[in-house]
Amino acid sequence: MKRTSYARLVSRSTKVAGTAAIATVVLLYAIIEHGRTLRTNRILYELPKTACAVLRIDAVALADSQSAQALFDWLAPPERLSEIEAGCGLAPLAALRDATVWVGGPEGEPFQSVGLLLRGRTADAETIAQCYRSLVEARGSAIDRVTTPTGPILRSRDGASALAKVDDYTVVTGSSETVAEFMAVARGTVPSLIEAAGFRDLWSRVAGDAAIAGVFVAPPRWQSAFERIGAFGDQASAFTGVKSLGLTTRARIPTALKVMVEVTDADTARRDAALMKAWTDSPPETVEPYLVDLARSAHIDVDGPWITVTLDASSLPKRH
């Protein structure tokens, strides 16, 4: 009897230990995932809820992502980068940790403001602010230090822009109104973008470890504009019912550039995807050759109301 009781006790202890080990692993995984989510969504806590488009560039990760580097080389105006380097003595990609641009505004004017958030790596906030001062003076204006309800800002006398220090390595710039709204979010007096569920959900899909990630949530009246953009000649539009767009580059897929399109329903997604496939198989002759190569590299998948287009970014030409 004693041996049986002992065996049962050992068996029970083993089961308890195994269950505890599994629970510990699950808990650790949940903590890690929660931390990853918090890091991914950090920027949404900082930006105003009025933003409808956000593009974030991780300058540190850029060097390790072929697709992100190709996209950056295609998008970035080389003359602007040269202007910053010549005027400030800063190489932007080396000086910055990341850069985030957002576009937003009230419901009737969704593209009223443009803001830029810069986090320094080798350059601190004071160095970035001095660069801003140099660029403003180079265009013939000057800088005033102004006290506002949301804190001190640097504002150009021509009224074109303003800049505020967020922390020792971070600044925000844009119009005075845009900077003030950003600082109001930091003070908790206006809502942040994390409260916009649709934006938050799509951002979690595209951000993560992406060197470049972007999201655009279309105002309702923009659906007709997308339909016009997606109509080629007398064909039906491949952009019917578009609600939002996402863009991402992933280091683990070296040359892949992914574009995610959310439409109103699964039937519309299948229809739009079929039209996109027809267009990529036979692009119009008026399309630039590099866009033809990019289109022909497309792999199109549909999952419910989501269309994912995976492109080979290596076909994008450099602008310099």
Side-chain angles (χ1 to χ4, degrees), residues 42-59 72 75-194 214:
R42 174 186 173 185
I43 190 65
L44 303 187
Y45 285 96
E46 300 175 297
L47 301 182
K49 190 178 180 180
T50 54
C52 63
V54 174
L55 180 70
R56 180 180 179 274
I57 300 172
D58 184 331
F72 182 83
L75 289 174
E79 64 278 4
R80 184 58 175 166
L81 297 178
S82 299
E83 178 187 344
I84 293 171
E85 191 161 1
C88 306
L90 293 177
L93 290 181
L96 298 176
R97 181 171 301 279
D98 57 68
T100 302
V101 61
W102 77 94
V103 180
E107 187 172 343
E109 299 178 294
F111 304 105
Q112 185 183 66
S113 64
V114 178
L116 178 63
L117 183 68
L118 301 172
R119 299 187 203 278
R121 182 175 17 164
T122 61
D124 59 15
E126 191 60 40
T127 302
I128 299 172
Q130 185 55 50
C131 176
Y132 167 72
R133 183 186 297 273
S134 298
L135 294 174
V136 169
E137 291 174 349
R139 70 173 187 246
S141 188
I143 292 292
D144 292 319
R145 184 180 176 85
V146 181
T147 301
T148 72
T150 56
I153 67 170
L154 301 178
R155 186 167 63 196
S156 63
R157 290 182 185 172
D158 59 13
S161 61
L163 177 142
K165 178 180 174 181
V166 180
D167 59 38
D168 289 344
Y169 278 86
T170 310
V171 302
V172 60
T173 184
S175 68
S176 296
E177 294 78 13
T178 299
V179 170
E181 185 180 33
F182 178 93
M183 298 306 289
V185 173
R187 289 170 174 262
T189 55
V190 301
S192 71
L193 191 53
I194 196 67

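Note that these values count all heavy atoms, side chains included, but never hydrogens, waters or copies made by symmetry.
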Participant: What residues form a salt bridge (charged side-chain N to carboxylate O under 4.0 Å, His left out) with Asp98, not counting sequence neighbours?
Facilitator: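 Asp98 satisfies salt bridge (charged side-chain N to carboxylate O under 4.0 Å, His left out) with Arg56, Arg119 once adjacent residues are dropped.
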
Participant: So, the side chain of Thr189 versus the backbone of Ala184: is there a donor-acceptor pair under 3.5 Å, distance only?
Facilitator: yes

Participant: When Leu163 is tested against each of Ile143, Leu154, Val172, Val179 for side chain to side chain contact (heavy atoms under 4.5 Å, CB included), which residue passes?
Facilitator: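 Going through Ile143, Leu154, Val172, Val179 one by one, the side chain to side chain contact (heavy atoms under 4.5 Å, CB included) with Leu163 is satisfied by Leu154 alone.
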
Participant: Taking salt bridge (charged side-chain N to carboxylate O under 4.0 Å, His left out) as the test, write out the residues that go with Arg139, two or more places apart.
Facilitator: Asp158

Participant: Just how far is it from atom CZ of Arg121 to atom CG of Leu93, taken to the nearest 0.5 Å?
Facilitator: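 Result: 8.0 Å between the selected atoms.
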
Participant: Any idea which heavy atoms bring Pro92 and Leu81 closest together, and the distance?
Facilitator: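 For Pro92 and Leu81, the tightest heavy-atom pair comes out as CG-CD2, 4.1 Å.
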
Participant: Could you state the interatomic distance from CG (Leu135) to CD1 (Ile84), rounded to the nearest 0.5 Å?
Facilitator: 6.0 Å

Participant: Using side-chain heavy atoms (C-beta onward) and a distance below 4.5 Å, is Ile43 in contact with Glu46?
Facilitator: yes

Participant: Minimum heavy-atom separation for Leu96 and Ile128, please, with both atom names.
Facilitator: CD2-CD1, 4.0 Å

Participant: Is it the case that the side chains of Glu181 and Thr50 hold a donor-acceptor pair, with the cut-off being a distance below 3.5 Å and no angle test?
Facilitator: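 Side chains of Thr50 and Glu181: pair found under 3.5 Å.
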
Participant: Would the number of heavy atoms belonging to other residues, nucleotides or ligands and lying under 6.0 Å from CD of Glu137 be above 12?
Facilitator: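 More than 12 within 6.0 Å, yes.
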
Participant: Determine yes or no for a side-chain-to-main-chain donor-acceptor pair under 3.5 angstrom, with Ser156 supplying the side chain and Ser161 the backbone.
Facilitator: yes

Participant: Under a 4.5 Å cut-off applied to non-hydrogen side-chain atoms, are Thr100 and Val54 in contact?
Facilitator: yes

Participant: Measure the spacing between CH2 of Trp102 and CG of Leu116 and express it to the nearest 0.5 Å.
Facilitator: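 If we round to the nearest 0.5 Å, Trp102:CH2 and Leu116:CG are 7.5 Å apart.
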
Participant: Roughly how far apart are Phe182 CZ and Leu117 CG, rounded to 0.5 Å?
Facilitator: 4.5 Å

Participant: Give me the atom names and distance for the closest heavy-atom approach of Ile153 to Ser176.
Facilitator: CD1-OG, 4.4 Å

Participant: Closest approach of Leu193 and Ala51, non-hydrogen atoms and distance?
Facilitator: CD1-O, 3.6 Å

Participant: Determine whether Lys49 and Val190 satisfy the following criterion, side chain to side chain contact (heavy atoms under 4.5 Å, CB included), listing intermediate values before the conclusion.
Facilitator: CA-CA 8 Å; Lys49 190 178 180 180; Val190 301; over 6 Å; no

Participant: Look up atom CZ in Arg97 and atom CG in Leu118, then write down how far apart they are to the nearest 0.5 Å.
Facilitator: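 If I round to the nearest 0.5 Å, the distance is 13.5 Å.
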
Participant: Between the main-chain N or O of Pro152 and the side-chain N or O of Arg145, is there a donor-acceptor pair closer than 3.5 Å?
Facilitator: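 No: the side chain of Arg145 does not pair with the backbone of Pro152.
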
Participant: Nearest 0.5 Å, please: how far is CZ in Arg133 from OG in Ser141?
Facilitator: 11.0 Å

Participant: So which pairs with a foot in residues 127-177 pass ring pair (Phe, Tyr, Trp, His ring centres under 6.0 Å), sequence neighbours left out?
Facilitator: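 Of all non-adjacent pairs touching residues 127-177, none passes ring pair (Phe, Tyr, Trp, His ring centres under 6.0 Å).
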
Participant: Do the side chains of Val101 and Val114 get nearer than 4.5 Å, heavy atoms only?
Facilitator: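 Contact flag for Val114/Val101 side chains = yes.
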
Participant: Determine whether a donor-acceptor pair (N or O, by modelled atom type, separation under 3.5 Å) exists between the side chain of Thr173 and the backbone of Ala162.
Facilitator: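 Yes; judged by distance alone, with no hydrogens or angles, the pair exists.
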
